[in-house]
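Below: the structure, in structure tokens.
Residue numbering restarts at 1 for every chain, and letters A, B, ... go by the order of the sequence lines. In this text, all values refer to a predicted model and were calculated from it rather than measured experimentally. Only this structure's heavy atoms are used, side chains among them; waters, hydrogens and symmetry mates stay out.
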2 protein chains.
Amino acid sequence: MRPARHPEVGDITLTGVLAALSDPIRVGVVRVLADGSERGWGEFQAPVAKSTLSHHLRVLRDAGLTRTRQEGTRCFVVLRGGELRDRFPGLLEAVLAAAEEEDLGRQVALKPAPGIT
Amino acid sequence: MRPARHPEVGDITLTGVLAALSDPIRVGVVRVLADGSERGWGEFQAPVAKSTLSHHLRVLRDAGLTRTRQEGTRCFVVLRGGELRDRFPGLLEAVLAAAEEEDLGRQVALKPAPGIT
DNA sequence: TTCGATGTTCCACGAACAACGAACGAAAGG
DNA sequence: CCTTTCGTTCGTTGTTCGTGGAACATCGAA
């Protein structure tokens with residue numbers, strides 16, 4: 001497993017972020033993470049194969065939207081909210097509000113986290 | 001020439017808008033139109049073939065970002081700023097500010113409008 | 001009518017992308 | 001050791017996208 005690169009805040013590009021957010025599933029993931037909490041990979045429930053979900057997680061990470069941490073065999077993901085707000089003020093809020101209004105990304109939900117009672 | 005459809009305000013989707021804005025040239029066009037003025041097709045100067053520019057204009061129109069009016073053989077384009085702000089509050093401003101900060105879409109400029117002296 | 005200017009549309013190409021299954025690799029437990 | 005679990009990576013397939021060139025349609029002017 002590669003060490004999972006994350007771009008620096010300054011290297012996050014607008015087109016990269018917008019492209020990453022132009023997919024409903026990825027918007028759904030961001031919505032789930034919007035409260036700032038860290039989520040385990042397995043908590044996500046989406047109508048795609050796990051390899052596809054892994055791909056989407058990777059796109060979000062490469063675009064600088066999320067940060068991934070690995071702990072043993074599982075990995076956890078968290079939204080880079082602060083850095084994003086710092087770099088693109090208002091963008092995240094606007095997108096999240098619009099997504100909420102459209103109920104975009106509703107296909108992505110949370111499983112009842114197993115083991116984390 | 002087709003009558004050029006424009007989506008209703010309510011039919012504008014977030015993913016559509018974000019996808020449309022994930023291309024530097026289209027962001028450049030939006031930046032040029034950001035002051036609300038109506039521009040002639042020929043005023044745009046971009047490093048692409050005219051068919052490609054026409055395609056980008058079409059993508060922006062289909063996504064609901066711009067409105068196209070035809071007058072004789074030329075056509076004019078204007079940003080649907082009010083409607084966009086109404087549907088996705090803050091989104092346009094955030095994107096424009098971010099684009100400004102990155103100088104994204106600088107490849108798109110204005111020719112000195114010929115004939116409109 | 002004939003010409004030129006202006007955009008649109010069609011077609012084709014290469015690149016990028018989304019999706020899946022399968023194989024792989026790294027812990028953790030038996 | 002072997003097995004299970006978890007996530008990545010690979011190979012493939014089909015679709016979409018950006019691009020340019022050529023052909024077409026429309027209007028104004030000569």
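Between dA26(C) and Arg74(A), no contact under 4.0 Å exists linking OP1 or OP2 to a side-chain N or O. Side-chain N/O atoms of Trp41(A) include one lying less than 4.0 angstrom from OP1 or OP2 on dT8(D).
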Please report, to 0.1 Å, the donor-acceptor pairs under 3.5 Å made by any side chain of residues 76-84 of chain A, with sequence neighbours excluded.
residue: Arg80(A); atom: NE; partner: Glu83(A); partner atom: OE1; Å: 2.9
residue: Arg80(A); atom: NH1; partner: Pro7(A); partner atom: O; Å: 3.0
residue: Arg80(A); atom: NH2; partner: Pro7(A); partner atom: O; Å: 3.0
residue: Arg80(A); atom: NH2; partner: Glu83(A); partner atom: OE2; Å: 3.1
residue: Glu83(A); atom: OE1; partner: Arg67(A); partner atom: NH2; Å: 3.1
residue: Glu83(A); atom: OE2; partner: Arg67(A); partner atom: NH2; Å: 3.3

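Here the CG atom belonging to Leu33(A) is positioned 8.5 Å from the CG atom belonging to Leu110(A), to the nearest 0.5 angstrom. Rounded to the nearest 0.5 angstrom, Leu96(A) CG and Leu21(A) CG are separated by 8.5 Å.
Distance, Arg69(B) CZ to dT6(C) P: 17 Å, rounded to whole Å. dG18(D) atom P lies 12 Å from atom CG of Leu21(B), rounded to whole Å. dA16(C) atom P lies 18 Å from atom CG of Asp23(A), rounded to whole Å. Between Glu71(B) atom CD and dT26(D) atom C1' the separation is 14 Å, expressed in whole Å. Put simply, CG on Leu18(B) is 17 Å from C1' on dT16(D), counting in whole angstrom units. We find that CD of Gln70(A) is positioned 14 Å from P of dC6(D), with the value rounded to whole Å. To the nearest angstrom, C1' of dA27(C) lies 13 Å from CZ of Phe76(A).
Toward the 5' end of DNA chain C, the nearer of the two residues Ser22(A) and Cys75(B), judged by each one's closest nucleotide, is Cys75(B).
Of the possible polar contacts, none joining the Gln107(B) side chain to the Pro24(B) backbone as a donor-acceptor pair under 3.5 Å is found. Between the side chain of Arg31(A) and the main chain of Leu104(A), a donor-acceptor pair closer than 3.5 Å is present.
One finds no salt bridge joining Asp11(A) and Arg87(A) here, because no Lys/Arg side-chain nitrogen approaches an Asp/Glu carboxylate oxygen to under 4.0 Å.
When all heavy atoms of Glu102(B) and Ile12(A) are compared, the closest pair comes out as OE2-O, 3.4 Å.
Of the candidates dC27(D), dG7(D), dT5(D), dC27(D) carries the atom nearest the Thr73(B) side chain, counting heavy atoms from C-beta on. Distance from the side chain of Val48(A) is smallest to dC20(C) among dG7(D), dG20(D), dC20(C).
Contacts of residues 50-67 of chain B with DNA chain C (heavy atom under 4.0 Å): Lys50(B), Ser51(B), Ser54(B).
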